[in-house]
Amino acid sequence: GAHGKERSPNSHCTRCPISSQSPGDSKVVEDFRRRLKYFFMNPCEKYRARGRKPWKLMLQILKIAIITFQLVSFGLSNEMMVTFKEENLMVFKHLFLKEYKDQRVDRYAVYTKTDVYGHIYYVIDRNLTVGNHAYEKIEGEYTPLTLCQEFFRKGSISPGNDTFDIDPHVDKECISVYPLEPLENKTLSRDINFSLDFKRLLSVNIYLTLKAINLQTVRHHELPDCYAFSIIVGAGKNNHLLLFDSFVILACFTSLILCTRSVYKGSQLQFHYTAFFHTYFGKTVPWSERMEFVNGWYILIIVSDTLTIAGSALKIGIQTKDLTNYDVCSILLGTSTMLVWVGVIRYLGFFKKYNILILALRAAIPNVIRFSCCAGLIYLGYCFCGWIVLGPYHEKFRTLDKVTECLFSLINGDDLYSTFQKMREKRYMVWLFSRLYLYSFLSLFIYMVLSLFIALITDTYETIKVSFCINMA
């Protein structure tokens, strides 16, 4: 039988001993070696070897430009939409909240029964004077406002005696009030048979719909946006663009087909490689070598193309005013553009100096993930501890998500002094615990965890660099 040395696919330049093989077998081995070598070449090497033009490479470079341009155009359009909504929100506050004033802390409250009724009258009697806003009309008639209150089904409260009797079931009562028709006697119970029981009351809300048209988009050669604002006033105790997008979809679809085809070819070659080694050398190829045939960059491009196609289709729907899923479209286009730019790293790997960095990152990722899992357990422990102990005394530890954000900011050196300062006036035991908690956390993560994290990557880089220099020599 033939005697050979098992090799990995990425060492395709290594020649296997074939001294005892027949001339026919030697030709088969040599042909398969050339096939493997060509498979693992980058587009530039394939062009030099066979004169094959790197169509996929040129398509990916084109995609970077058009997808980035598409994202910027959508971002500007989305920015106009968000600005229009924020400006209208401020307008609605001044229109429907009685004596509302702009303030740094956006809080608005009423404190007496008379104030509650007065604010309800104010909203119902309000007549719009802004030209591009109007109440919604259906078949020529204004749609009514909906006045709702939520309250406990039964209950009696006597704060002076510290006694109460409450049925926890919550009921909701709503009535319709047509706008532009002022109340006669300024009494809800007389005009519309509606009264508030403040002892059982949980919340009272007024629901109304306003229509508006944003004409600013006309300046950017887009159709005007028509908005329907669903407003809740409440109190409680708690075209060339379409062609361009179509071109983006076509380019991404072409890229998706080409990359899927390359992944399929790599998978087929992996099966042939496994069968070849079993037939000619009697050895089994390990999974680590099989995975060399799976090009992770192609997988990244396939995911990016899929997200871009879906996001572009949504963008077309938004521009034609058939859809309003701005958030979903933003997530799809933003993620796809991020992946496209991450994929640029692959092309830097064609240059030897940049390739060292890429190989170092690739080799360091498994160790970094394992280290991050261990550090994450310690991080979660500090999160739970800070939430329970410091939550009642510090607003940054009030909820679990705030704790995670606060601790992550502290690791990066943000807002250190204010976090310490806000615990000065608390109880001595809590103040002492907060000092031990914060100092131990900062010392552990800044001076130890981050240093070890950097050391992992540095050590891998030095190892790859030495190996690369030996191979070059």
Minimal heavy-atom distance between Thr460 and Ala363, with the atoms involved, is CG2-CB, 3.5 Å
With under 30° as parallel and over 60° as perpendicular, where do the rings of Phe244 and Phe247 fit, or are they tilted in between? tilted
Which pair of non-hydrogen atoms, one from Arg398 and one from Gly391, has the smallest distance, and what is that distance? NE-O, 2.7 Å
For Ile64 against Trp341, the heavy-atom pair lying closest together: CG2-CZ2, 3.6 Å
Would Leu201 and Phe152 count as a side-chain contact (heavy atoms from CB on, under 4.5 Å) if you check the C-alpha gap in whole Å, the side-chain angles of each, and the deciding distance to 0.1 Å? CA-CA 7 Å; Leu201 184 66; Phe152 291 116; over 6 Å; no
Once rounded to the nearest 0.5 Å, what's the spacing between atom CD1 of Ile316 and atom OG of Ser246? 4.0 Å
Rounded to the nearest 0.5 Å, what's the gap from CG on Leu147 to CD1 on Ile206? Could you check? 5.5 Å
Say whether, by atom type as modelled, one donor and one acceptor occur between the side chain of Thr463 and the main chain of Asp459 under 3.5 angstrom. yes
Phe445 ring center near Phe408 ring center (under 6.0 Å): no
Atom CE of residue position Met448 - does it have more than 12 heavy atoms of other residues, nucleotides or ligands inside 6.0 Å? no
Quick check: do Leu359 and Tyr461 have side-chain heavy atoms less than 4.5 Å from each other? no
Side-chain donor or acceptor of Tyr379 paired with backbone N/O of Thr404 under 3.5 Å: yes
Please examine the side chains of Val204 and Cys148, heavy atoms only from C-beta on, and report whether any two atoms are closer than 4.5 Å. no
For a 4.5 angstrom cut-off between non-hydrogen side-chain atoms, does Met429 reach Leu432? no
Would one find more than 12 heavy atoms of other residues, nucleotides or ligands at under 6.0 Å from atom CZ of Arg153? yes
Ignoring hydrogens, what is the shortest heavy-atom contact between Arg290 and Val285? Give both atom names and the distance. NE-O, 3.4 Å
In this structure, CD1 of Ile301 is separated from SG of Cys252 (nearest 0.5 Å) by 10.5 Å
Step by step, work out the side-chain contact (heavy atoms from CB on, under 4.5 Å) result for Leu438 and Phe441. CA-CA 5 Å; Leu438 292 174; Phe441 175 80; 5.8 Å; no
After noting the C-alpha distance and the side-chain angles of Phe453 and Ser372, does the key distance pass the side-chain contact (heavy atoms from CB on, under 4.5 Å) rule? CA-CA 8 Å; Phe453 186 84; Ser372 298; 4.0 Å; yes
Just by distance, do the side chain of Asn412 and the backbone of Asp414 share a donor-acceptor pair under 3.5 Å? no
Specify the closest pair of heavy atoms between Leu333 and Ser312, including all atoms of both residues, with the distance to one decimal. CD2-N, 3.9 Å
Given 3.5 Å as the limit, does a donor-acceptor pair link the side chain of Ser255 with the main chain of Ala251, or not? no
First locate atom CG of Leu400, then atom CD1 of Ile388, and finally report the distance between them rounded to the nearest 0.5 Å. 8.5 Å
Grab the two heavy atoms, one from Thr308 and one from Gln70, that are nearest each other, plus how far apart they are. CG2-OE1, 4.2 Å
Stepwise, does the ring-ring contact (aromatic ring centres under 6.0 Å, His included) test hold for Tyr298 with Tyr264? CA-CA 11 Å; Tyr298 287 151; Tyr264 175 76; over 10 Å; no
My understanding is that only one of Asn367, Val368, Ile365 makes a side-chain contact (heavy atoms from CB on, under 4.5 Å) with Ile457; could you say which? Val368
Between Ser440 (side chain) and Tyr437 (backbone), is there a donor-acceptor pair under 3.5 Å? yes
Say you draw a straight line from CG of Leu407 to NZ of Lys402; how long is it, rounded to the nearest 0.5 Å? 14.0 Å
Within the structure provided, determine whether Asp305 and Phe253 are in side-chain contact (heavy-atom separation under 4.5 Å). no
Is the shortest heavy-atom distance from the side chain of Tyr326 to the side chain of Phe74 under 4.5 Å? yes
Do Gln60 and Cys259 have side chains that approach each other closer than 4.5 Å (heavy atoms only, starting at C-beta)? yes
Please check if the number of heavy atoms outside Asp401 that lie under 6.0 Å from its CG is greater than 12. yes
Do the side chains of Met338 and Ser304 get nearer than 4.5 Å, heavy atoms only? no
Without swapping roles, check the side chain of Arg200 against the backbone of Val170 for a donor-acceptor pair under 3.5 Å. no
Distance, nearest 0.5 Å, that separates CG of Leu444 from CD1 of Ile411: 9.0 Å
Between His394 and Phe397, how do the two ring planes meet: parallel, tilted or perpendicular, split at 30° and 60°? perpendicular
What I'd like to find out is whether the side chain of Leu314 reaches to under 4.5 Å of the side chain of Val328, using heavy atoms alone. yes
Evaluate Leu59 against Thr254 for side-chain contact (heavy atoms from CB on, under 4.5 Å), listing each step before the verdict. CA-CA 9 Å; Leu59 180 60; Thr254 304; 4.0 Å; yes
